[in-house]
Each structure stands twice: as C-alpha cells, then as structure tokens.
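A short write-up of the structure that comes next.
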Amino acid sequence: ETTARNETFTLPLDSGGTYNFDVGFENSLGAGTFDYTITAYNQAEATFTYPSAGTHTIWIRGTMQGFAFNNDGNGAAGGRLLMRDVLQWGGFEITETSTFWGCTSMTVSATDAPTISSTNLSNTFRNCALITTIPGLALFDTSAVTVFTRSFYGMDLFDQNLNVLDFSATTTIQEMFRLAAAFNNGGVAPDWDWSGVTEINGTFRSCTVMNLDCSAVSLGAVTNLSNAFATCPAFEGYGLETWDISAYSGTSSTFAGASTFPTAQYNAILIAWEAQVEQSGVTINFGSSQYGGSGKVARDVLTGTSTW
C-alpha cells in the first residue's frame, strides 16, 4: 500500500538468485495483467513507481528464486513497509532466509502454501508483528528444513498450533519464538519432533503468555538451555521433567524472569533430572520456586554429589 503519489516499490531480489518471471504492478495495465519480464536481480523494471496512493496488487508468475526482504538487505529499501497482505502463494518459492523479515505491517490471508526449497528458514517471518495466524500453514512442507533460527521472532500477535509442521529434520531453533509475546501454540500442547535438537538457547525468550506442557516434545540430549525460558512469566515448567539433560552443562539464565513453578512440578523436575547421569558443576537458577519432600532429597544430591 502506498500513501503518497509517485511512491516506488522494488522487488527484493538477491544478487545470487535465478529469475525468469513476469510481473504485473496493477496500475499500468490493469489487475491480473503483466507489465514486464524480469531475468536479472538488478533489472530496472523490478522497481515500479505508483502514480497515485492506494492499495495495489502485484501479480507474479514464473521462476523467482531469490526473493527476500531481509529487513531491507536486498536493495529494496522501504519496500517491506509497504507490504500489507499475501493474498495467494501460488508458485511462490522460499529459497532464501529472511524472506519477509521486517514486513511489520504485513498479514497473510492466503489459504494455500508456498514451495519451500530452502532447508534454512531463519528470520522468515521475523518482526511480522501483525500476523496472528498463517491460514495455510498445515500445507507448508517443512520436512527437509533443518534451521528455524528466529523464524517467528518478534511476531507480537502470532499464536497458532504448530503441531501441523514437520520438524523431523530440525537441528537448530535458537530464538525461534523470541519476543513472540502472544505465542502459546494455539493453546494446544506441542508434540514437536525436535529429536535432532540439542540447543534451545533463547527459543521461548519473552513469550510472555506461554505456559505449555512440553512433555510431548521429543528432544535430543540437551546441551544448551541458555535463556530458553527467560522472561516467560506465565511458564510453570510442565513437561521439563521428561527432557534428557544428561549432556547439559548449564547456565543460570535459563529461567531468568520466569514464573515461580508450583512446588509439585519443581519437585518432579528435580527428581527426574537427578535420576539421570547428569553433568557436574551445572549452574541453574529456578528463581523463587519452592521444593520439598522427595524434591529436597533430589536437590541435595544435585547440589552435593553433582556440585550443581
């Protein structure tokens, strides 16, 4: 959407991409028609000047491998701020990281799905602050995706059940949901296959309403939980007792600013973790959570024999 006369929009094309597509910018020949054929990332016709302010629909067909706003990193300064909606994915192909990073006023109403050719979805929807749900998400084929670093970072209003996604190839989820303040997996307990994941640093940091039971999340042997649940004031630790922390070396920031866990739940975590062959010298802070009974016995072993 343009707000002034003679405002320009540039397609964010990466210099290393492959292009042979037709584009219609709507105003010149009418809705649903095509103005130019683009075959190079820096082709002049990839920039269009709109003579009047208003909402415009851009039509694309053909091969466009290398489209990514990248927070204005692909020579399309300001274009990300003009994006308002993805009406249809059609043949759109995600081949890059950072595809819609910085499209702070964009929503998604498309009910179909793009083709996902990249194994790295880092920053895909980063800071897309107005997206609440992605209607066709269940159709996204993420079976080959290994990296979700900051994919949903800063999506303030986003809350959707991600159990529809295939995480079986996933290895990296650093800060995946950081600052996604409303995220609570649509109120559904996650059953994600994160068996290839060992580092959960910052993954849920500042998810301020999240209080998920994580017991059905399949994890590998966790080595890094740095800031994993930091500033999650609603999270009560349910499911953490099922996690394999035998390789965890520990940092005190894991639960910084998180809630006080219910005593029964804190006890369950202490007992389950002490029963594993845990690393020694771990530093971890559960804040003001209170333990008792068998939880105290387990904690005494962890802080004594295991020097936690």
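Predicted model, so just to flag it, every value in this text is computed and none were measured. Each residue takes its place number in the sequence, starting with 1. Just the heavy atoms: all of them, side chains too, but no hydrogens, waters or symmetry mates, feed the values below.
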If two hydrophobic side chains count as joined below 4.5 Å and joins carry through other members, does [X] share a cluster with [Y]?
{"X": "W89", "Y": "L121", "result": "yes"}
{"X": "V188", "Y": "L137", "result": "no"}
{"X": "L179", "Y": "I200", "result": "no"}
{"X": "I60", "Y": "F9", "result": "yes"}
{"X": "I269", "Y": "L302", "result": "yes"}

Quiz question: by atom type and distance under 3.5 Å, do the side chains of [X] and [Y] form a donor-acceptor pair?
{"X": "T242", "Y": "S215", "answer": "no"}
{"X": "S109", "Y": "D85", "answer": "yes"}
{"X": "N120", "Y": "S118", "answer": "no"}

Aromatic ring proximity, centroids under 6.0 angstrom, [Y] and [X]:
{"X": "F125", "Y": "F158", "value": "no"}
{"X": "F177", "Y": "F204", "value": "yes"}
{"X": "F286", "Y": "Y291", "value": "no"}

Are [X] and [Y] side-chain neighbours, meaning at least one heavy-atom pair lies under 4.5 Å?
{"X": "E241", "Y": "Q265", "answer": "yes"}
{"X": "V108", "Y": "P135", "answer": "yes"}
{"X": "R299", "Y": "Y266", "answer": "yes"}
{"X": "L165", "Y": "W192", "answer": "no"}
{"X": "I38", "Y": "L13", "answer": "yes"}
{"X": "M106", "Y": "L130", "answer": "no"}
{"X": "V222", "Y": "T198", "answer": "no"}
{"X": "L219", "Y": "D244", "answer": "no"}

Report task. Quick one: name the residues clustered hydrophobically with L87, using the 4.5 Å side-chain heavy-atom rule over I, L, V, M, F, W, Y, and just say none if it's on its own. Result ->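 Grouped by the 4.5 Å side-chain rule, L87 forms a cluster of one, so the answer is none.
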
Mind checking whether [X] and [Y] have parallel, tilted or perpendicular rings, split at 30° and 60°?
{"X": "F235", "Y": "F229", "answer": "parallel"}
{"X": "F167", "Y": "F148", "answer": "perpendicular"}
{"X": "F48", "Y": "Y50", "answer": "perpendicular"}

Please answer whether the main-chain N or O of [Y] pairs with a side-chain N or O of [X] as donor and acceptor at a distance below 3.5 Å.
{"X": "R80", "Y": "G102", "answer": "yes"}
{"X": "N163", "Y": "A189", "answer": "yes"}
{"X": "T107", "Y": "R84", "answer": "yes"}
{"X": "Q65", "Y": "E93", "answer": "no"}
{"X": "T208", "Y": "A181", "answer": "yes"}
{"X": "T146", "Y": "T119", "answer": "yes"}
{"X": "T39", "Y": "N20", "answer": "no"}
{"X": "N267", "Y": "G292", "answer": "yes"}
{"X": "T307", "Y": "G281", "answer": "yes"}
{"X": "D156", "Y": "A129", "answer": "no"}

Heavy-atom pair of closest approach, residues [X] and [Y]:
{"X": "F261", "Y": "S289", "answer": "N-OG, 2.9 Å"}
{"X": "D166", "Y": "T142", "answer": "O-OG1, 2.8 Å"}
{"X": "T260", "Y": "S288", "answer": "OG1-OG, 2.6 Å"}
{"X": "W308", "Y": "I245", "answer": "CH2-CD1, 4.1 Å"}
{"X": "T37", "Y": "Q43", "answer": "O-NE2, 2.8 Å"}
{"X": "A216", "Y": "P190", "answer": "CB-O, 3.4 Å"}

Requested in this report: With side-chain contact (heavy atoms from CB on, under 4.5 Å) as the test, would you mind laying out the steps for L81 and T104 before giving the verdict?
Outcome: CA-CA 6 Å; L81 301 178; T104 54; 3.6 Å; yes

**Report entry** CA sep, side-chain torsions, deciding dist, call: I131, F100, side-chain contact (heavy atoms from CB on, under 4.5 Å)
**Finding:** CA-CA 11 Å; I131 294 178; F100 296 105; over 6 Å; no

Requested in this report: Carefully, step by step, assess L225 and F255 under the rule side-chain contact (heavy atoms from CB on, under 4.5 Å).
Outcome: CA-CA 9 Å; L225 283 170; F255 302 107; 5.8 Å; no

To the closest 0.5 Å, what do you measure between [atom1] ([X]) and [atom2] ([Y])?
{"X": "L82", "Y": "T3", "atom1": "CG", "atom2": "OG1", "value": "7.5 Å"}
{"X": "S226", "Y": "E175", "atom1": "OG", "atom2": "CD", "value": "9.0 Å"}
{"X": "N161", "Y": "N184", "atom1": "CG", "atom2": "CG", "value": "11.0 Å"}
{"X": "R126", "Y": "R150", "atom1": "CZ", "atom2": "CZ", "value": "5.5 Å"}
{"X": "M210", "Y": "E236", "atom1": "CE", "atom2": "CD", "value": "11.0 Å"}
{"X": "D159", "Y": "N185", "atom1": "CG", "atom2": "CG", "value": "7.5 Å"}

Query raised in the report: Which pairs count as side chain to side chain donor-acceptor pair (under 3.5 Å) when at least one residue sits in residues 269-285, sequence neighbours excluded?
Result: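 Listed once each, the pairs are E278-S306.
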
Requested in this report: Could you check L11 against F67 for side-chain contact (heavy atoms from CB on, under 4.5 Å), going step by step and ending with a plain yes or no?
Outcome: CA-CA 7 Å; L11 295 170; F67 180 103; 4.3 Å; yes

Query raised in the report: Listed by chain and number, what are the side-chain hydrogen bond (donor to acceptor under 3.5 Å, both in side chains) partners of Y238, not counting sequence neighbours?
Result: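 Y238 satisfies side-chain hydrogen bond (donor to acceptor under 3.5 Å, both in side chains) with no other residue.
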
